[in-house]
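Proteins come first, then strands; the chains are lettered A, B, ... in the order of their sequence lines, and each starts at number 1.
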Amino acid sequence: MTVRTRFAPSPTGFLHIGGARTALFSWAYARRHGGSFILRIEDTDVARSTPEAVQAILDGMQWLGLEHDEGPFYQMQRMDRYKAVIAEMLASGSAYYCYMSKEELDTLRAAQEARKEKPRYDGRWRPEDGKALPPPPEGVAPVVRFRNPVAGAVGWQDLVKGRIEFANAELDDFIIARADGTPTYNFCVVVDDRDMQITHVIRGDDHVNNTPRQINLLQALGAPVPQYAHLSMILGDDGQKLSKRHGAVSVMQYDEEGYLPEAVLNYLARLGWSHGDDEVFDMERFVSWFDLDHITASAAQFNTEKLNWLNAHYIKQADPQRLANEAGRRLGRQQVGFEGGPAPSRVAALYRDRVANLNELADAMHPYYSLPKPGAELLAQHLTETARTALAMLRERLSDCPWQAADLGQAVKQTAAAAGLKMPQLAIPLRVVLLGLPQSPSIDSVLEVLGRERVIARLESALGS
RNA sequence: GUCCCUAUCGUCUAGAGGCCUAGGACAAUACCCUUUCACGGUAUGAACCGGGGUUCGAAUCCCCGUGGGGACGCCA
């Protein structure tokens, strides 16, 4: 049997980090076993689903590189199929019409809660042998409920959490079709998982309570029951649960904040899953290692600092040209272009092991492509008379110096010595003049990359000569 | 309230009864490297929620408690 997994988000918002990890694990499991990964959009909540959210989810998946093999399937386009199954169930007696109004239900639930009972439907419209049902009220559109077994228990061997079992007495007859005829979540999932021949349902922890209902439904339909793996949730950096109001951000936000997708992927893979002591690995290796046995059963707290570390690691390894392109994309938003400046990939190479994200890289590259404007305080502190004298000497020396880091380093050192200064006493003013900053990579490589013309122009402009 | 899940350093985790005086990573601290700032290197501190069992032996198995989380929708 070939493995078939699915990621089934509802398009009511962006793809957040928890959803991304669920997608990653489903994707990896399918890849690991040479199976198929299916994308299904669960948009039956017409009031809250939006096309923008669908696009946001697609964008997020694409940015991460989680490609699906089938789909995206949209549940709203499968209405006829759901309605046909509901009709079958009504005919076979595994589902029935319920004429209870929302108000009556609310009253029932309130009374149950007042008695400290678990709120649930009381089965008043459920047909039983020898039970007299009231006549259907006039003008009330009924919902359709699933006739859940009353006795025994329903359970499964969860691939993450082990054996889980629920007493059927805990489950009530849930609604499978609303009064307007549209099917509900638990029902659509079951029909789709069956029709799409899903073998492994990998989803969030919050669905554990839906699973027994779905299994009962599957069995009523005579369908095979897939394997289930429930992933525990991801908590925010502060240990609080993630929600729209608190801490949950779109994966695309990570792009904006300068993270590389491979860093986010690697971080997510390690959050709740492990392979011994391995921390840094690419997706190819992840897929070859991935299994459900090493997923943690308890919730995990998101740690931005570790993500930052991984991001810095991947930036150090990244191709300078790619980094330059990413920085260029960002600088472009600030109306800064690479035209007329030093080779972007050389500048990126100078900074790639000094920055933790792409925004920092863009900031670092900025002064290479537009004249820096050091603040008055910085100038006053570093451009002292002695410094200016030494810089003037250096300017002379640089006009005929071979333009190679080693020679340039020598030139700076010798100038400092000739002026009676320590190396930093010349190098730092030089940095301020060239880049507008007191720190930079080694001064010889900065000179080399910036180029003779620009260096001399910036020196002369600073010295007012 | 009821049901379900869960519990190792601050954080992510290794650990499938003896390999554990509990390992790795991030973070922290110290030192080294160094023309600055970073990077990098080395070292240090830091944990098995509590109580009962089972066993020659328990971080690992069982029970109870406690903490945390989820669910109880004509949302998904």
Chemist: Which whole-number value in Å describes the distance from A:Ile234 CD1 to B:U11 C1'?
Modeler: 14 Å
Chemist: Over all strands shown, is A:Asn210 touching base, sugar-phosphate only, or nothing at heavy-atom distances under 4.0 angstrom?
Modeler: base
Chemist: Can you find a side chain N or O atom of A:His382 that sits less than 4.0 Å from OP1 or OP2 on B:U36?
Modeler: no
Chemist: Let me spell it out: for each of A:Glu170 and A:Asp353, pick the nucleotide of RNA chain B with the closest heavy atom. Which residue's pick is nearer the 5' end?
Modeler: A:Glu170
Chemist: Whom does B:C48 pair with, Watson-Crick or G-U wobble, provided both distances fall under 3.5 Å?
Modeler: none
Chemist: Who does B:C61 pair with, Watson-Crick or G-U, both distances under 3.5 Å?
Modeler: B:G53
Chemist: Would you check if there is a donor-acceptor pair between the side chains of A:Asn186 and A:Gln214 at a distance under 3.5 Å?
Modeler: yes
Chemist: Run the salt-bridge test on A:Asp173 and A:Arg126 with the 4.0 Å N-O cut-off and return the result as yes or no.
Modeler: yes
Chemist: Nearest whole angstrom, please: distance from the P of B:C4 to the CD1 of A:Ile164.
Modeler: 10 Å
Chemist: I want to check one thing: is the phosphate of B:A76, taken as OP1 and OP2, less than 4.0 Å away from some side-chain N or O of A:Thr44?
Modeler: yes
Chemist: Just name whichever nucleotide pairs with B:A38, Watson-Crick or G-U, keeping both distances under 3.5 Å, else none.
Modeler: none
Chemist: Heavy atoms under 4.0 Å, any strand shown: does A:Lys316 hit a base, just sugar-phosphate, or nothing?
Modeler: sugar-phosphate
Chemist: Does the distance from a Lys or Arg side-chain N to an Asp or Glu carboxylate O, for A:Lys118 and A:Glu113, drop under 4.0 Å?
Modeler: no
Chemist: Check whether any side-chain N or O of A:Arg109 sits under 4.0 Å from OP1 or OP2 of B:G73, and answer yes or no.
Modeler: yes
Chemist: Could you check whether A:Ile443 gets within reach of a base, just the sugar-phosphate, or nothing at all, counting any heavy atom under 4.0 Å?
Modeler: base
Chemist: Using atom C1' of each nucleotide, how far apart are B:C3 and B:A47 to the nearest Å?
Modeler: 32 Å
Chemist: Determine: side-chain N/O of A:Arg120 to OP1/OP2 of B:A71, distance under 4.0 Å, yes or no.
Modeler: no
Chemist: Tell me what A:Lys116 touches on the nucleic acid: a base, only sugar-phosphate, or nothing, going by heavy atoms under 4.0 Å.
Modeler: sugar-phosphate
Chemist: Partner of B:C3 by Watson-Crick or G-U wobble geometry, both contacts under 3.5 Å, or none?
Modeler: B:G70
Chemist: Is it the case that A:Ser101 and A:Glu104 place a side-chain donor and acceptor less than 3.5 Å from each other?
Modeler: yes
Chemist: To the nearest Å, how far apart are A:Asp173 CG and B:C72 C1'?
Modeler: 15 Å
Chemist: What is the distance, rounded to the nearest whole Å, between atom CZ of A:Arg352 and atom P of B:G40?
Modeler: 13 Å
Chemist: Once you apply a heavy-atom cut-off of 4.0 Å, does A:Lys161 come out as touching a base, just sugar-phosphate, or nothing?
Modeler: sugar-phosphate
Chemist: Please report, rounded to the nearest Å, how far the P atom of B:C12 is from the CG atom of A:Asn311.
Modeler: 20 Å
Chemist: OP1 or OP2 of B:C37 sitting under 4.0 Å from any side-chain N/O of A:Ser440?
Modeler: no
Chemist: What is the base-pairing partner of B:A43, counting Watson-Crick and G-U wobble geometry with both distances under 3.5 Å?
Modeler: B:U29
Chemist: Between P on B:A76 and CG on A:Asp45, what's the gap in Å once rounded to a whole number?
Modeler: 5 Å
Chemist: Would the number of heavy atoms belonging to other residues, nucleotides or ligands and lying under 6.0 Å from OH of A:Tyr97 be above 12?
Modeler: no
Chemist: Between the side chains of A:Thr296 and A:Ser298, does any donor sit under 3.5 Å from an acceptor?
Modeler: no
Chemist: Taking CG from A:Asn308 and C1' from B:U11, how many angstroms apart are they, rounded to a whole number?
Modeler: 13 Å
